[in-house]
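Predicted model, so just to flag it, every value in this text is computed and none were measured. Along the sequence shown, the residues carry numbers beginning at 1. When a ligand or atom number is given, it counts from 1 through the structure's own listing order.
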Amino acid sequence: MAVSTGIRRRAFVAAGIGLLAAPVILRQTAAMAASGDKTKMDATTQPQFNQFKLGSYRFTVFKDGASVLEKPYETFGTNQKPETVQALLAKNFLPTDRFVNSYAPALIDTGSDVILIDTGFGEGGRARGVGLLRDGLKAAGYAPDDITLVALTHLHGDHIGGLMEGGAPAFRNARYVVGQAEYDFWTSKVREGTPAEGGHKAVLANVVPFAEKTTFIGEGDKVAAGITAMLAPGHTPGHMVFHVESDGKRLVTTGDTANHYILSLQNPEWEVRFDMDKAEAAASRKKVFDMIATDRIAFLGYHMPFPAVGFVEPYEAGYRFVPKSYQFDL
Ligand SMILES: [Zn+2]
C-alpha cells in the first residue's frame with residue numbers, strides 16, 4: 001500500500017514556534033522531499049496534543065502523526081461494491097479516492113500513575129512525518145521518564161514502535177501491560193514464513209525485551225486503579241480495549257476496534273482489510289460500540305480524527321460518531 005505523508009507548511013509558522021519545533025520542521029522537510037509533496041494534506045507535524053479531565057484523571061491525547069492513504073474502498077468495506085463505499089464517503093463530505101489515517105496514543109495521569117496507552121510509530125516513522133509522540137510529550141510538559149505504565153491495546157507497529165528509542169527503552173521507569181493472547185500470538189515461531197512474520201519480528205524487537213517488566217492480562221483484568229481490560233479480538237487475535245472510570249465518569253479506549261469514523265462506525269459489519277479475523281472484528285465492533293452507545297459514555301479510538309475522542313448513538317445499521325467538544329470542560 002502506498003503510504004505518503006505529504007505536508008505543506010507555511011514558513012511563518014517556524015518563526016513563531018522557536019527551538020522546540022526546529023527538529024520537527026527539519027524532519028518534515030525530509031518527509032516532503034521523500035514524498036515529492038504530492039498530497040495536499042495540510043496536516044501539521046507540530047506536536048499536537050489535547051487535554052481533558054475524566055473525573056479526577058487527566059487525559060492527554062497526542063497526535064503521533066497522520067498518513068494519506070489511497071482508495072478507501074480497498075481498506076474499508078472490502079465486502080461491498082467500491083461505489084457503495086464511495087457514496088457513503090461523498091454523503092459525509094469526504095473525498096472518495098483518498099483518506100487520512102491518524103494515530104492517537106494517550107496518557108492517563110491518575111495522580112498516582114502516568115499511563116501511556118499505545119506508543120505510536122516511534123523513531124522508525126519519523127522520516128515520513130509520524131512518530132511524533134516524543135515531541136508531543138515534551139510539549140505537554142511530560143518527560144518519557146514520567147511514565148510509570150505502558151498499556152498496549154495490541155501489538156501492531158503503529159502501537160508498539162515507540163517503545164524503543166535509539167536502541168534503548170523509551171520509557172525507562174515504566175512497567176508494561178500486554179494482553180496474554182496477543183503476546184502469545186505474535187511471539188510464536190509459527191508466525192515465521194507467514195504474512196504475520198513482519199509483525200512477529202517487530203514484537204521480538206520492541207515488546208519481548210520488556211517481558212520481565214510486563215503484566216500479561218486477559219478479559220476483565222485490572223490495568224491500574226479504575227482501568228479494566230476487555231477483550232475485543234478480530235483486528236488482532238488478542239486485541240483489547242480499556243475501560244476507564246474515575247469519579248463515576250467513564251471512557252473506553254477502543255484501540256483499533258473501529259478505524260474509520262464514518263465507514264466502520266456506520267457499518268460495523270463492513271469488512272476491513274487490516275482486521276485479521278473479519279467476522280470476529282465485526283462482532284467486537286458491535287459489542288464494544290453497543291455498550292458505548294447504550295451507556296452513553298465516551299470513547300477514544302486510536303485512528304479516529306484527532307483528538308480521537310467522541311461518543312456514538314445508534315444510527316441506521318450502526319452508529320453515528322459525535323466528536324467531543326466541551327463535554328469534559330463543564
Ligand atoms: Zn492501529
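Note on D118: not counted as a metal contact of the Zn ion (ligand 1), no N/O/S atom lying under 2.8 Å. Residue side and main chain included, H159 places an N/O/S atom under 2.8 Å of the Zn ion (ligand 1).
The angle D256:OD2 - the Zn ion (ligand 1) - D158:OD2 amounts to 170°, with values rounded to 10 degrees.
With rounding to the nearest 0.5 Å, the separation of CG in L54 from OG1 in T110 is 12.0 Å.
Classification of E269 and K286 as a salt-bridged pair holds, one side-chain N sitting under 4.0 Å from a carboxylate O.
R191 and W186 make their closest contact through CG-O, 4.2 Å (heavy atoms, listed as atom of the first residue, atom of the second, distance).
Not a single donor-acceptor pair under 3.5 Å links the side chain of H243 to the backbone N or O of M230.
In H303, the N, O or S atom that comes nearest to the Zn ion (ligand 1) is NE2.
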